[in-house]
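What follows is a single structure, written as structure tokens, with notes after it.
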Amino acid sequence: MAGQTLIPAGDFRTSYAADTTVFPTTTSRNAMIAGIVLVCFAPHVVNEYILSLLIQIGIFGIAALGLNIVVGFTGQISIGHAAFFGFGAFTSAYLSNRFGIPVFFCIPLAGVVTAAVGLVFGLPAARLKGLYLAIATLAAQYILLDFFARAEWFTGGSVPASAEPFSIFGYMLRGDKQYFYVVLAYVIVCYLLVTNLIRSRDGRALVAVRDHYLSAEIMGINLTKYRTLSFGLAAFFAGVGGALYAHYNQVVSNEGFGIDRSIIFLAMIIIGGLGSIMGTLMGTAFMVLLPESMEWLSVALRDSPIDQFLGLKNNIAFLREMAIGVIIIVFLVFEPDGLAHRWRQIKAYWKLYPFSH
Amino acid sequence: MTEATEIDRPPKATAPTAAPLLSVRNIEVVYDKVILVLRGLSLEVPKGAIVALLGANGAGKSTTLKAISGLLKTEDGEVIRGEILFDGERINGIDPDKIVRRGIFQVMEGRRIIADMTSIENLKLGAFTRTDNEIAADIDMVFRYFPRLKERTGLAGYLSGGEQQMLAIGRALMARPKMILMDEPSMGLSPLLVKEVFSIIKEINRDLGVTILLVEQNARAALSVASHGYIMEQGKVVLDGTADELRDNEDVKEFYLGGAGDQRKSFKNLKSFKRRKRWL
Amino acid sequence: MAYTLEVRGVSLRFGGVRALTEVSFGVNEGELFSIIGPNGAGKTSIVNCISGRYKPTEGQLFYRGKDITGLNPNARPALGIGRTFQNLALFHHMSVLDNIMVGRHHLLKNNFITGSLYWLTGARREELEHRRKVEEIIDFLDLQSVRKATAGTLPYGLRKRVELARAMALEPQLILLDEPMAGMNFEEKEDMARYIVDLNEEFGMTVMMIEHDMGVVMDISHRVMVLDFGRKIAEGDPASVLADPHVKRAYLGEEDEVLVDPDDTPAPRESAA
Amino acid sequence: MNTQLLIQLLVNGLVVGTLYGVVAMSFVLIYKATQVVNFAQGELLLVGAWVCWWLLTKYQVPFYLGMPITLVFMFLFGIAIQIVILRPMIGEPIISVIMVTIALSTVFSALMKWMFGVNLQPFPRIFQTQNVNILGLQVQTVYLMSLAVSVAMMVGMAWFFRLSKYGLAMRATAFNQQVAQSLGISVKSVFAMAWAISATVSAVAGVVVAVVNGVSAGLSAYGVKVFPAAILGGLDSVGGAVLGGIIIGLLENVAHFLDSEYLHWGNLYEIAPFYALIIILMIKPYGLFGTKDIERV
Amino acid sequence: QAPISLGHLADYSGPTSDVGTPFGQGVADTYAWINKSGGINGAKVNVDTVDYGYQVPRAIAQYKKWSGADKVAAILGWGTADTEALTGFLAQDKIPDISASYAAALSDPTGAGGKAKPAPYNFFYGPSYSDAVRGMLTWAAEDWKAKGKPGKPKFVHMGANHPYPNAPKAAGEAIAAELGFELLPPIVFALTPGDYSAQCLTLKSSGANYAYLGNTAGSNISVLNACKAAGVDVQFLGNVWGMDENAAKAAGAAADGVVFPLRTAVAWGGSAPGMTTFMEISKMSDAAGTAYRPVHYVAGVCTALYMKEAVEWAAKNGGATGENVKKGFYQKKDWVPAGGEGICNPSTFTEKDHRGTLKVDLYRMKVAGATDAPLGDLVKNGGIKMEKVKTIDLPRKPEWLGW
Ligand SMILES: Nc1ncnc2c1ncn2[C@@H]1O[C@H](COP(=O)(O)OP(=O)(O)OP(=O)(O)O)[C@@H](O)[C@H]1O
Ligand SMILES: Nc1ncnc2c1ncn2[C@@H]1O[C@H](COP(=O)(O)OP(=O)(O)OP(=O)(O)O)[C@@H](O)[C@H]1O
Ligand SMILES: CC(C)C[C@H](N)C(=O)O
Ligand SMILES: [Mg+2]
Ligand SMILES: [Mg+2]
């Protein structure tokens, strides 16, 4: 009873290896593979607009995954993630513009450089906890953003910088259709990396630090190392995401990396489910699609009788903003533990159906 | 998890007393919407009595107490069937703070003192629902019971495990409730204090007329103060009776009292296999 | 004979509170050593000093001849010191299995890079090897059925057992147990006592245990130390300690016929394998 | 060195800092009772400012009446927010609740813009003498009012949390809601009260800034400015919040002085508090007066 | 006939919404009016107005939609940061963009000026930010002489560290030096309203005589107020977006005396042949026809009319494609769009030079008494007045192209 898991009865594991697979059941693995194959066809099926949304989900999903490492797995709130995202974007643009490094290499390189910066800004984590740390990351957010606006040599100052399009061995990828596959590849790799990380030694250590740092220390875990490391890892994925973002937009502007973006990242992982890898992607999709669908609604609303009645006119934007806020609130009221939690409950329900209790 | 379709057993009539102060009728509790923990549990606590609730780890004793005090809600738990009556009124579904105001106070498992306050502040909060002005006198009373608490003027979070347990019990005394639900009050206390705590339990029951539902692992001590006892297994009451009946039950002797009669079973020469008998 | 663990004149003060005052004692290799004493006597504080949570205000601690007084807590598992906690300190949201695997942290070599690459770097092989060791512990402590359960939802008694499993996973030579039997009924205590004895005899660990259940303490420990108000008031074999009038007054209360069997003799010392 | 300028900037910092202190205090209030960092604090301030502005301009209500009405309204408004939005979140993970306050700030700020427009609106004149001369600096009278108000509130709250039964109940609730409930404390009313008081206090600050700068959506930026202030003082210290606010106010101005006289970097006024914040926290991880976490196993 | 699609980026909700709302309304009203009066060559114009909140990423995302399958013929853009971010794409996708950003960098179509990257598809109506500063400083130098004060006048640039206030910074400081001003270190203040007393105290202590305000009205008002309280005695020079009737109403006496450039020959209600047309256009969103429209609304209408004529020409000459619309901008010299007579200043765009005009009309804001009354009344009874100071005709220097 207490040991209830969702592995179907009769599914006995005969080796430890079989018990440590990425997916709990073969069905779920096959479903995932089928899903990926299906997504591969997306560029040929969906229109450019939907494609661009998918790309955004992928890019932000990678960065949000990084945030989930530091917030969800290690339990340290970070309100400065967008600044690392931006750092990755500027770094990749800088590396390719200044040194002519092929974009193909710039992206992981940007991840590594950002990770180093993340480690530096993660240093306060050695001493600070909880909200004190959270506000220190907020400070990092402002400091980095100020740096972007100031460091002409690096970012070009306050004017948006341009970034090369993605190229691979001299072959330029142009357009969203091709870039989609780049993002997809990165998403798969990043999500696999983190899945592995969490089921191996250092990942477990991060979670242990979150759950009970005092006993984690007694278990031989170096708190300072792992608290800081989690910021480094988070920054790595933020950097990779940022780099992908830079070469997708081919423009890097200071403005995309403010505190509001940091907060959206947080919303993604909270709505998806803290400490849930697939939840991150779900939450990202939610937060990317929500404003879009509200936009769509507000377009539909324009000049409609409701518009006339309320006298909205140019204020439709405010209605849209409010709707976004309200939906997030309503969502959290009903599902404070996130989409991943709801997903698990649905699965549990079907597994036990019709004996739901 | 076993099937939930099992037919409810009718609640077994307990010894006929006058109106019971608390009666729990056939409740089922789930955690997180799916994990069924209590499966049709019933029990009654007569007014002015001490009733012991015994059972193995995970039987659902703490869950039962939390269901009564309403604290289940804060742990994603829910009473999905059955009802709980206190003083003849249904109390399930009511907010925990209202239940406290009606006179049920729970001493939670694991002390749960407020770590960043001093002992005195903790005690004052125990009396939160009271409006009379004997609070100061009662604080003195608690300090008389547990002189050690008086010496420790720092934050309660720095108290030793046992000291925190004293504070938790003291807090319940401060509330002057009609009924106290005690979850393992003797846990972590030295033998001397265990005796003392049980004599305090007896005392407040006798002198102040407080009804007590006592969850204890120290079955021997619990049955020595209680008039009735219930034994739980896997979310159900499997045996109940007066304290004397239970003390004489062979199984109870074997699993809860550690051997027959007053002869303590030794921990020496333990066998590496175990015999397990379960009622269910 | 040199002690495995030696505590030399340790005092610990928190502001005005004297938690420990010049406590000295030693634990022998392979011994099952118990500490008893009234609440707030400083038992947990001793364990905290040994495991590095607290740094003594005065005095020194030696483990196998090495001064460990100022050593970082996280360096101690590698020396062979493991412990459990009085107020449960499990990793609440992790599975039982992962909780125990965390115990093997200092024995594992893969890091965040090799771990992320799992299949390519041998991390998988290493994880599986250690998983095997962990399964042995799970078998030993009868935790098979809750292997995948989330630790925070387990009933109290099981959580204590998981804590023990986690401490065992460190492969310590010295294991410190802080009230391992609190909150258990007789039958469960019996199980726990058996595990502890096995730990000591089969696994050859030196055990230091804090416990309030005098029955257990008397029956299974080789030597007992008594603390009161932060001072050591007695030390020796269980029977003689129990007979000490100071101990009776401070700890046990008046004569307790249930606890003291006239035929109680301390368990014979067996040199552990 | 330009001493005259430095002194004037210091006085200015002190004056503005007190205001930060007031907002920080309302922030700390919610934190102390609920452990929630309220990201909508700036919007509460703005709501207060708009309501008062609206009463004064549209209904020509005199200030000595408009202000109390505003405060009463904000008190009820705080309760309403709690009941409608935050009550269902009781017992849920803190971070989710924080997210809700963030979403709430989006809703309010959009709503305010919709209702009152995007233009800055001047506040009617409320004091006969608008300025008082302190050390050669013209200080607005409202600032002095806020100074008086904040000192009074600080003393009141310090008393409330340390000694009153409800103050204890709030702290208990913050520590652990389940435990508080088990003691008979109605977590719901504690939370409602915290939000009500906090909304009221921030409305005072809102009106003060509005009198000085006029009302506009931009005022909600104060909500972010006070993060460093509240943290610096120690998240759970009322007095610390005020002190933190003053320190941030001084820091801004000193940084600005250095910047304009010597460094010429440009943006030090806004950024320096954040650098200072990190440095101070590294030395005092719980701010100046925050209580340490209890680390005991 | 197939409708013509245009994209319109507006800021109704972001940090520049105070000026964005009237401007965007002007654009929207104009196309509503055009459609009502038969469209462009009989084709309906679909204007997709998007409130992007002054956020570059949202502008880019929106652009991707507009440049995709249902491609727009042209864009009416807004801010400097987003327009500069889009410049490369516009050139690549051949979509002209007439923006509300007057950054000089957007006026060099070939990059020949050497100061900016080529921006072949960017246009704007009115003098560039840099040229406006040049004009104002030219006036300031004369003003200083006229007042007969001793010594060199001191000039300071004030604004956020953001592409828009920064756009004319270098150019302004260069001409200031040239004209004999002493340059003071720039003063930074954010784009949002706030308390800028500290900035004003330094401004005062620095002894500046002329201060350029680079932000939009909202935050400028805060500065004006704070500076008035601090007793600063400085001649403020506002940028085109930095001062208008709403700002004057909000700032009250503090706005009195600010000098700023006006893009149109007259303001709302001024006497000009085109004003009747503008009134008609205004009725599209104000049926009663009573609303007072601030300067940005008027400028918005002019901007929209220019675009309309360029599209019209394109539709007649090979279809309303981006390339043709761009050519449409080059068709007339001293171009005043129909309906804008006497309001929109004559502009000339060539393939080598997108500086439509180098004429800078300087006005001074006059505020008298309380400003509580509605804006229309205030303007009518002279509580708020814009007083012509001077018109500066700058030379079309090639080295100023794109700078
Ligand atoms: N919050 C929870 N979520 C899910 N399951 C829970 C939760 N709390 C308790 N349980 C489950 O309910 C069952 C009963 O637990 P409970 O704590 O009531 O037992 P108990 O009899 O008090 O045991 P102990 O003697 O160890 O305290 C256990 O199987 C436990 O795993
Ligand atoms: N971090 C601390 N700060 C202040 N006082 C402390 C701290 N840790 C322990 N103490 C005090 O030191 C004394 C000894 O505590 P300790 O936890 O060692 O007792 P114990 O013997 O384990 O008691 P118990 O059997 O009740 O667990 C207690 O009175 C306690 O209040
Ligand atoms: C229109 C504006 C208020 C904004 C300005 N055009 C800018 O460059 O960003
Ligand atoms: Mg229990
Ligand atoms: Mg202890």
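All of these numbers come straight from a predicted model, not from anything done at the bench.
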Using modelled atom types only, decide if a donor and an acceptor are shared between the side chain of B:S160 and the backbone of C:G40 within a distance under 3.5 Å.
yes
Taking side chain as everything from C-beta outward and backbone as N, CA, C, O, which of these in B:L189 sits under 4.5 Å from a heavy atom of chain C? Side chain, backbone, both or neither.
both
Given that the side chain runs from C-beta out, which part of B:E151 has a heavy atom under 4.5 Å from chain C: side chain, backbone, both or neither?
side chain
Do B:Q217 and C:F186 have side chains that approach each other closer than 4.5 Å (heavy atoms only, starting at C-beta)?
no
Residue C:E22 excluded, over 12 heavy atoms near CD under 6.0 Å:
no
Is it true that, when you exclude B:R247 itself, more than 12 heavy atoms of the residues, nucleotides or ligands shown sit nearer than 6.0 Å to its CZ?
yes
So for C:F229, is it side chain, backbone, both, or neither that comes closer than 4.5 Å to the heavy atoms of chain B?
side chain
Counting only heavy atoms from other residues, nucleotides and ligands, does the tally under 6.0 Å from NE2 of C:H92 exceed 12?
yes
Side-chain H-bond candidate by donor/acceptor type, B:R111 with C:N87, under 3.5 Å:
yes
Picking from B:R148, B:E109, B:K61, B:E163, which has the most non-hydrogen pairs under 4.5 angstrom with chain C?
B:R148
C:M181 CE to B:M187 CE distance, which is reported to the nearest 0.5 Å
14.5 Å
Please check: side-chain N/O of C:N39 versus main-chain N/O of B:G188, any donor-acceptor pairing under 3.5 Å?
yes
Heavy atoms only: give me the nearest C:E188-B:N57 pair and the separation to one decimal.
OE2-N, 2.6 Å
Measuring from B:N218:CG to C:M184:CE, what's the distance to the nearest 0.5 Å?
14.0 Å
Which heavy atom of B:S190 sits nearest to which heavy atom of C:P38, and what is that distance?
CB-CA, 4.1 Å
Quick one: pull up CG in B:L155 and CZ in C:F14 and give me the separation to the nearest 0.5 Å.
13.0 Å
Considering all heavy atoms of both residues, which atom of B:E184 and which atom of C:G183 are nearest to each other, and what is their separation?
OE1-CA, 3.2 Å
